[in-house]
There are 2 protein chains.
Amino acid sequence: MLDLRKLEVFIKVYETQSFSKASSALHLAQPTITLHIKDLEQELEVNLFDRNTRKVIPSKAGKIVYRYGKEVLNILKQMEKELKLLKDEKVGLIEIGGSTIPGQYILPKVIKNFKEHHPNISVFLKVGDSKEVIEKVLAREIDFGMVGAVFANKDLVFLPCYEDEIVLIGPPDFTKDEIELEELYHIPLLKREEGSGTWKNFLEFLDKKGIDWIKLNIIGEMGSTEAIKEAVKSGLGFGFVSSLAVELETSLKLLKVVRIKNFTIKRKFYVVYPKMAKFLPVEHKFLDFIKSFSNV
Amino acid sequence: MLDLRKLEVFIKVYETQSFSKASSALHLAQPTITLHIKDLEQELEVNLFDRNTRKVIPSKAGKIVYRYGKEVLNILKQMEKELKLLKDEKVGLIEIGGSTIPGQYILPKVIKNFKEHHPNISVFLKVGDSKEVIEKVLAREIDFGMVGAVFANKDLVFLPCYEDEIVLIGPPDFTKDEIELEELYHIPLLKREEGSGTWKNFLEFLDKKGIDWIKLNIIGEMGSTEAIKEAVKSGLGFGFVSSLAVELETSLKLLKVVRIKNFTIKRKFYVVYPKMAKFLPVEHKFLDFIKSFSNV
DNA sequence: TTAAATTGATAGATTTTTTCTATTTGACTT
DNA sequence: AAGTCAAATAGAAAAAATCTATCAATTTAA
């Protein structure tokens, strides 16, 4: 294996055309230079300089080694530059992931706010389902994720950071602001597909309350929160969605949130990151920011 | 300065995802690996792996170092490949230079012959004046040169290798094959410009014989051997040129070589190379070849 | 749940490498 | 021919790389 120290010595000799000049430039004794060059020549089995006590002229092989050697040192310099950026807390890159609700309604706001404070830090957001997000965290493809469920994994830390409410929405012309729990059994409901985190949370909550969801009046299934919203808007029925997803529509009276007496469905979102990870400055900053944003 | 040995260890750990696997692959004890990685982390001031006794997961910085490290090793591998070619005596590249006559009439033939014996060795020929050729030899831009004059320089070796004759040429219909020296004074002569090696050789020869060239009947000056030949062909006068330059024309009777009684102008060409140079195998081969081609 | 096995970390000793000082050798200058 | 400058050589000292033995943490198997 070639020695970079020796390569450095070689390059200095090449550039100064002198062993002694190289020695003083590198703060080494002159015999050290002689030795290093000799070692290199032995290792590579070529002579690098035609030399006597007066002249030092690079040979053909020397020119080749210089060309490649310079490239190698440049690449390493480039690397150190990139690592320096990594260590800098003012610039850098953060990659995060979010499952549907956090990815669509929470993280964009967090990021916008964060960017206002730290304009030179780029943030990349990847939206996918919770399982995907967690896998990417484990593979270090993203720095952290925000998901709606805790997965048992000893390598991961799940930090509650946002509490959301799942609300019943109906068309804006629905007369009541609040209904009794019993009325829920007669209201035409649009469910979400089985894999949905929101729907899972909803069912868990019903279960805790001792309610069997079979009793509900399910009239259809939608593939996304947005689809539920559109369907409810057009009067097809009612649905359960994250309150975050309907902030705009309720304020514009395009949808109506209908409360259920003595019945509030809360769900938590969690920041997830590898237990062992040693965070870089920028990542620390972002994590702290999310925590400060937290409502839990 | 980064240590390539440590970088190699890092890369092996990265690829095997294990300190102990890396240690056995590199025939090192496991604590050595631990130490090297720790040193690297200290040197670069980043952590490279999130690790405990069970898992070794590259960090963001680790991924960067791996990417760059691989590139560095690849470049060095490429360099060794190129140096190997340099040491090979069957393949390679030779760069030579020749002043006008050798570059135009001798070296092309030598190269053609050489290539027949060594088809995998490329030969690059650069034609320029003697001074240029010698400068390039000193700067190691070419491996050796062939020139018509010896320049006093203690760093150079001049090896006589080819003896040429400077001959008087006239139109093919000139009646005599041989003339007396005295007749030369009346013959209309085309000279070469002052810088020409051939012309310089001719004058030196006249000087040695005690002849003043002012007595000659110079009717014009031409910038090149070829120009002299053309002018002589078209009956403008006579000229002195290298015998090598008119081999074809005399055999085709387009020109006539006129001998001068008791008057033969010989000139020598020399191979020139740096005294200190340690030749590579291919260069040795070519030099030997030139010597075997020699007529001296 | 506990014991065995696996893997990385730590400590101290040993070997190897790097670097130094002092001196010699070779080449150019005057 | 003497002086000077730069590289080579020799031998000693300092620094590093690597090893063995052992420990600590974590997973797997009984």
- prompt: Of all the choices, D:dA7, C:dT18, C:dA27, which nucleotide is nearest to the side chain of A:S18 once you look at every atom?
  reply: D:dA7
message: Less than 4.5 Å apart, side chain to side chain, heavy atoms only: is that true for B:F293 and B:F114?
response: no
task: Ignoring backbone atoms, establish whether B:H36 has a side-chain N or O less than 4.0 Å from OP1 or OP2 of D:dT18.
output: yes
message: OP1 or OP2 of D:dA8 versus the side-chain N and O atoms of A:T34: is any pair under 4.0 Å?
response: yes
- line: Atom CD of B:E41 and atom C1' of C:dG8 are separated, to the nearest Å, by 13 Å
field: B:F158 and B:Y273 aromatic centres sub-6.0 Å
entry: no
task: Could you tell me whether the phosphate oxygens of C:dT25, OP1 or OP2, come under 4.0 Å of any side-chain nitrogen or oxygen in A:T53?
output: no
message: Does D:dA25 have OP1 or OP2 under 4.0 Å away from a side-chain N or O of B:R51?
response: no
task: Report which part of the nucleic acid A:D3 touches: base, sugar-phosphate, or nothing (heavy-atom distance under 4.0 Å, all strands).
output: sugar-phosphate
query: Across the strands shown, which category fits B:L35 at heavy-atom distances under 4.0 angstrom: base, sugar-phosphate, nothing?
result: base
- prompt: For the ring pair B:Y162 and B:Y270, is the centre-to-centre distance below 6.0 Å?
  reply: no
query: Think B:K21 has a side-chain N or O under 4.0 angstrom from the OP1 or OP2 of C:dT7?
result: no
query: Would one find a side-chain N or O of A:K154 under 4.0 angstrom from OP1 or OP2 of D:dT26?
result: no
- prompt: Does a side-chain N or O from B:K55 land closer than 4.0 Å to OP1 or OP2 of D:dA25, or not?
  reply: no
message: For a quick test of reading the model: is some side-chain N or O of B:R5 closer than 4.0 Å to OP1 or OP2 of D:dA16?
response: no
message: Would you say B:T32 places a side-chain N or O within less than 4.0 Å of OP1 or OP2 belonging to D:dA17?
response: no
Nearest-neighbour nucleotide for the B:S20 side chain, C:dT18, C:dG8, C:dT10 considered: C:dG8
